[in-house]
2 protein chains.
Amino acid sequence: MKTSDPPARAKARRVRADAPAHAPVALPSQEGRVIIEAVEPEIDGGRAAAKCAEGTRFTISADIFTDGHEVIAADILWQRAGAPQWLRAPMHFVDNDRWSGHFTPPVIGRYHYSIEAWRDPFASWRRDVQKRLGARQDVTLELQEGLALVEAAGADGHDPDALDEMRTRLARASLDACLAILIGTDLAALMARHGPRHAVTHRTPVLELAVDRRAAVFGAWYELFPRSQAGDPQRHGTFDDLIARLPYIRDLGFDVLYLPPIHPIGRTNRKGPNNERRAGPDDPGSVYAIGAQEGGHTAVHPQLGTLEDFRRLVGAAQAQQIEIALDFAIQCSNDHPWIKDHPEWFDWRPDGTIKHAENPPKTYEDIVNLHFDGAAFPDVWFALRDVVLFWIETGVRIFRVDNPHTKPIPFWRWLIREINAQHADVIFLAEAFTRPKMMQKLAKIGFQQSYTYFTWRNAKSEILEYVHELTGPMATYYRPHFFVNTPDINSYYLQTSGRPGFIVRATLAATLSSLWGMYSGFEICEAQALPGREEYRDSEKYQLRHFDMDRPGHIKDHIRALNYIRRTNPALQDYRECLALNSTNEHILVYARMTQGRDNCVLVIVNLDPFNRQASEYEVPLWEFGLPDWAVIEAEDLLHGNRFTLHGKTHVIDLDPARGPVAIWRLLPPASAGL
Amino acid sequence: MKTSDPPARAKARRVRADAPAHAPVALPSQEGRVIIEAVEPEIDGGRAAAKCAEGTRFTISADIFTDGHEVIAADILWQRAGAPQWLRAPMHFVDNDRWSGHFTPPVIGRYHYSIEAWRDPFASWRRDVQKRLGARQDVTLELQEGLALVEAAGADGHDPDALDEMRTRLARASLDACLAILIGTDLAALMARHGPRHAVTHRTPVLELAVDRRAAVFGAWYELFPRSQAGDPQRHGTFDDLIARLPYIRDLGFDVLYLPPIHPIGRTNRKGPNNERRAGPDDPGSVYAIGAQEGGHTAVHPQLGTLEDFRRLVGAAQAQQIEIALDFAIQCSNDHPWIKDHPEWFDWRPDGTIKHAENPPKTYEDIVNLHFDGAAFPDVWFALRDVVLFWIETGVRIFRVDNPHTKPIPFWRWLIREINAQHADVIFLAEAFTRPKMMQKLAKIGFQQSYTYFTWRNAKSEILEYVHELTGPMATYYRPHFFVNTPDINSYYLQTSGRPGFIVRATLAATLSSLWGMYSGFEICEAQALPGREEYRDSEKYQLRHFDMDRPGHIKDHIRALNYIRRTNPALQDYRECLALNSTNEHILVYARMTQGRDNCVLVIVNLDPFNRQASEYEVPLWEFGLPDWAVIEAEDLLHGNRFTLHGKTHVIDLDPARGPVAIWRLLPPASAGL
């Protein structure tokens, strides 16, 4: 069997003197003889980076095939960006020309990955000879051809030492022994590494992978307004008040404490309580009207304390293993210092007044928007980047970005890259409640986490459909954060559900995604609303409030339990594996969350009806552990601590919202289960 | 309102002297502010060209959006490859950030297409002012801002003449009249063309479109062995015998006459009847063992006639509007002249013998394969290209390619490009019955038509699923040819179904795809098989045969009718629109084929059970014509010529295989139907 020419020789031949009569319009080229297609993940043809957490497995699959019957093989090539060489991970055949492989990025940062595939003449020879031997055919000539392939193995520049020993053995062997060596597994392994490879093909373009720290994938967030933490609605809270609240937050099991803007608030056109157009003299204004005489985006509201106080807060939180997340809201109040210092960053009207933020016919008189192009470009980009760097310097590593979809996509792409190049551990959460494709785009261009439509998915079919969407191809770039409420979203479901509904929604959020969050007040089932709207009444966005966190009917025990269950069950620390299970009642939602290796499995059963007792048949996913439908499996009730045994696949559950609308069990398959 | 900088100015600003403290890792860039994503068709990220027929509409859609609330607009850009400038076709908003547009390529050849999108400040201004007027707000300042935008329209270098007149009108108008002009549709249209466009974005890479002649999309093929056309199995048929058969083929309504290889046949290791390993002295051998002393791929089998005779055949066929399609089968017999002339194009074994084609443990002793790389590259590529050019010179423009999946993909990509660059009207049909991804790949790299799994899709669900697959995204590059039988495929269904089954399969093929074909003998329901195999007994591949085409039970009338119906109903001249209709019986398949404009609609009802009468409820697709469920629609029975009226959506049909297993109706909605 002849072997392919190495590329250099093939190239030389293309310009032979005895050119054909018809000059070709394109030069013949052997490129692409092994086909590598439909690579996953490959987001928008490689325009966006996939995402992964450090120390977790990153799986790549592709269609790989070639003409004829030749045996092929493939490796993943991967490297940290800028590393001097590529590392390899083997791919294996799955089915229907699909191949798969994986690697585990060890540290955070940007990575590249690609696929290399080739035709393997020795493996092809070996397979064919084995078929002929099986059909009792003479293989004398095949033996000689095999020897020639082993001989040729040195020629490709691979390490010849191990091969030389094998060649010596072959040279001394009898004909039968020679054949046995040639088709043996030792030589097969050696030739797989060092044997000739034909039509070596690389997938282009090389793809990007962003590897983030674990907190980008797994975390429980708590949101509060620092100015409301004085314990008295007449007194403006301080960072020191907040430091005193940290043990409470830690006790509930939260990892991240997220603060809405902490900057000076504008006075011109300040909003009053409930977003009234005019504020009274003592009204504190909206925290989102950023900037006053005292400073702008890098200043601290004087009534909260000093920058030094803030640093102390960050330190105190760290000491309790709580990370502080800040709000990055780009709009300015009418009194922001930038307006005087950089008038070219803003829109001015023909009468010389500044143009307010608007969504006609609505105008937001207390804020103005920055320009991102025109005379503001690129200075404003650098200024905003420096705001982020300023807070990074105080120890903050997580930023929740307000309304990113109303600022240019190229700005965010640049900003996140720029920040992560210096601080790879910084995480940005996109607060974009807008059309799906824009939300997806923000994740594609770099946001490590994204808000979701979770608050508006209440029915069983809605929830299942949404989780199915989030755990599909989107999951390679979109990390869904399930907030149960926010200062902007007091959902109709919560307004009407009473306490059981809060337990339902917290359970769903905490067990359907590895990222969940709540805004202070949720734990005491606070849901007083402006009539007919999903806005809180007397919202903390516009005024100081105080809530009694021990008032009867609170669900702090349940929230504490949820966060404990999440920390002790790896299945809940990723958002990608969710198995919907059959249940016969449309109010009863049943799903299993599992690790890839099935060594941890949490079964969740939720009665979505907050008013009525509901019963349903449901299925325990015995098949996921290789167990038959009649198998016996142990279960541990993670809310109440008891253990019990489930016999067979189909069972009945009955959940009374008054006594407990949810069940969370860990399934414990027998050690002998066929995993 | 300020407007964006033109790119040049923005670029200059990036290198300002007062650079920020932190040097950026990437330069800020405004690129990609308008997002163009998920373009369809865009095959494999633009690696493959989409396909379209000349004079038919080519539709492009994409997700197009931008940040904030700015109004956007988009055009398709398209051109024939090498044309000096781009043409434009407008895109319109569909739903959920999806936009769509189309153009009609006028002539065959290669085209390029892309999308341009931009932010439209005047349209945004106009929308906002209309909202403020609706809310009875003062718009004095907005009016001035609008005037400034009209003033700025000249600055972009667009034709200012029409605008100047409008400016003069505005300058003379009262305030109210001025506002009326500013928000009027005249100015809106003018500004849409000449007004400033911000963040103009082009989708890259530019995509390719291959525009073929109509025969690539629509055609009925008839296949026969010329050597069997003597009317006597003892005598070798000639091209003159075949010329005498042309009226028969034309009478049945076929457009293309496809001939298996017509070349000299090797003598060494010649195969006997039914693929026996040794041929008798008078056995003609397999037509696929190409090449003998008399010549190879550019020679004609002496017993068929001369090259001049072949030219006469091509001419005679053309005179009857039949195109001759030739087989392009690359393997050689042991006696092919290339073996002596170019030994380096073949594989040689250690004992000096030539390596036969094989699929171990099977060896095909009558043929040898060409090498495509090594010492054969690129000479063999040029030689094969020249074979195709040789037959093109005789007037042939269609090639059915034998087993392309066992030759390198890069070879086919190059060959088809090379041939089509000189002869854009040449069509290649890929005869690859292999794994789906390889079949799709061959279509992606250029084959204008492809064989399909049609012969093995017999049950209702199988057929519907397969048609659904073929009419999905695959349809943009894969043109499915539905052959009912071939010399290699005598399907089990046909072997067992009797005459009704032949009518069923011909009807399905002829009405489900615009490309269908049959191999001679099908019209007389010939299905004698080798036991337990899908091979014909005494196959013409290995021996001369004669069939009585008038023998009782033939279905020539039905085939003639099918081809007539196809020629007179545009809905059957494309393969992309197939609407499966509800029917309650699993043996009754009902579907509608429709033109995009719904001006032609053919309803097909097939009883897939060739033995039993079957009845079923089914639905007439009134909704496709905007008609209510109780509407009345006229129908014309295209097989029997009668007309009748269908009242309402749901009906019952009863088909007896003995009397006629299929119904083909043209639906004639009232002229007033809401199309």
Side-chain angles (χ1 to χ4, degrees), chain A residues 1-5 10 13-14 20 22 24-26 28-33 35 37 44-45 63 65 67-69 96-97 128 131-132 134-135 137 141 144-145 347 349-351 359-361 371 373-375 377-378 381-382 386 389 405-410 414 417-418 421 435 437-438 441, chain B residues 1-5 10 13-14 20 22 24-26 28-33 35 37 44-45 63 65 67-69 96-97 128 131-132 134-135 137 141 144-145 347 349-351 359-361 371 373-375 377-378 381-382 386 389 405-410 414 417-418 421 435 437-438 441:
Chain A
M1 185 184 281
K2 290 176 191 174
T3 60
S4 306
D5 279 351
R13 292 188 63 84
R14 280 183 213 143
H22 302 270
V25 292
S29 159
Q30 298 275 6
E31 261 182 61
R33 182 155 191 191
I35 294 112
E37 282 189 339
D44 287 347
D63 292 343
F65 54 99
D67 58 278
H69 308 287
N96 190 19
D97 290 325
D128 291 350
K131 283 184 184 169
R132 292 204 184 279
Q137 294 178 357
L141 286 174
Q144 291 179 47
E145 288 163 343
D347 265 336
R349 310 207 64 184
D351 65 348
N359 186 10
H371 243 319
D373 51 15
F377 178 81
W381 293 32
F382 291 131
D386 291 344
L389 289 173
H405 57 291
T406 59
K407 288 90 194 171
I409 284 289
W414 171 81
R417 262 208 185 234
E418 177 78 356
R435 306 184 313 281
K437 284 160 191 174
M438 175 54 99
K441 185 67 183 180
Chain B
M1 185 184 278
K2 292 176 189 173
T3 60
S4 306
D5 278 352
R13 293 190 61 87
R14 280 184 214 141
H22 301 271
V25 291
S29 158
Q30 298 276 7
E31 261 183 63
R33 181 152 190 193
I35 294 113
E37 283 189 339
D44 287 347
D63 291 344
F65 53 99
D67 58 278
H69 308 287
N96 191 19
D97 291 325
D128 290 350
K131 282 186 185 169
R132 292 206 184 278
Q137 294 179 359
L141 287 174
Q144 292 180 47
E145 287 162 343
D347 264 335
R349 311 209 62 184
D351 66 349
N359 187 9
H371 244 319
D373 51 15
F377 178 79
W381 293 32
F382 292 130
D386 291 344
L389 289 173
H405 57 291
T406 59
K407 288 90 194 170
I409 284 289
W414 170 81
R417 262 205 184 235
E418 178 78 356
R435 307 184 311 282
K437 285 160 190 175
M438 175 54 100
K441 185 68 183 177

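Lettering follows sequence order; numbering is per chain, from 1.
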How about A:Gln30 and B:Trp381: do any of their side-chain heavy atoms sit closer than 4.5 Å?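 Sidechains of B:Trp381 and A:Gln30: in contact.
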B:Lys131 vs A:Pro361 side-chain heavy atoms within contact, under 4.5 Å: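 Counting from C-beta outward, B:Lys131 and A:Pro361 do come under 4.5 Å.
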Among B:His69, B:Gln137, B:Gln144, B:Lys441, which residue forms the greatest number of heavy-atom pairs with chain A at distances under 4.5 Å?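 Most heavy-atom pairs within the cutoff with chain A belong to B:Lys441.
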List in chain and number order the residues that pass side-chain hydrogen bond (donor to acceptor under 3.5 Å, both in side chains) with B:Asp97, two or more places apart in sequence or in another chain; answer none if no residue qualifies.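 For B:Asp97 the side-chain hydrogen bond (donor to acceptor under 3.5 Å, both in side chains) partners, ignoring immediate neighbours, are A:Arg435.
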B:Asn96, part contacting chain A, at a heavy-atom distance under 4.5 Å: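 For B:Asn96, heavy atoms of backbone and side chain both lie under 4.5 Å from chain A.
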Please name the pair of heavy atoms, one in A:Leu141 and one in B:Asp351, separated by the smallest distance, quoted to 0.1 Å.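 Nearest pair, atom of A:Leu141 first, then B:Asp351: CD1-OD2, 3.4 Å.
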Looking at every non-hydrogen atom in both residues, tell me the closest pair between B:Phe382 and A:Pro28 and how far apart they are.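 Residues B:Phe382 and A:Pro28, closest heavy atoms: CZ-CG, 3.7 Å.
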Among A:Gly45, A:Pro408, A:Gly68, who wins on heavy-atom pairs under 4.5 Å with chain B?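 Most heavy-atom pairs under 4.5 Å with chain B: A:Pro408.
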Residue A:His405 versus chain B: region with a heavy atom under 4.5 Å: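 Contact with chain B involves the backbone of A:His405 alone.
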Counterpart residues, salt bridge (Lys or Arg N to Asp or Glu O under 4.0 Å), relative to A:Lys437 (two or more places apart):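 Applying salt bridge (Lys or Arg N to Asp or Glu O under 4.0 Å) to A:Lys437 gives B:Asp63.
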From A:Ile35 atom CD1 to B:Met438 atom CE, the distance as rounded to the nearest 0.5 Å: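 The CD1 atom of A:Ile35 sits 4.5 Å away from the CE atom of B:Met438.
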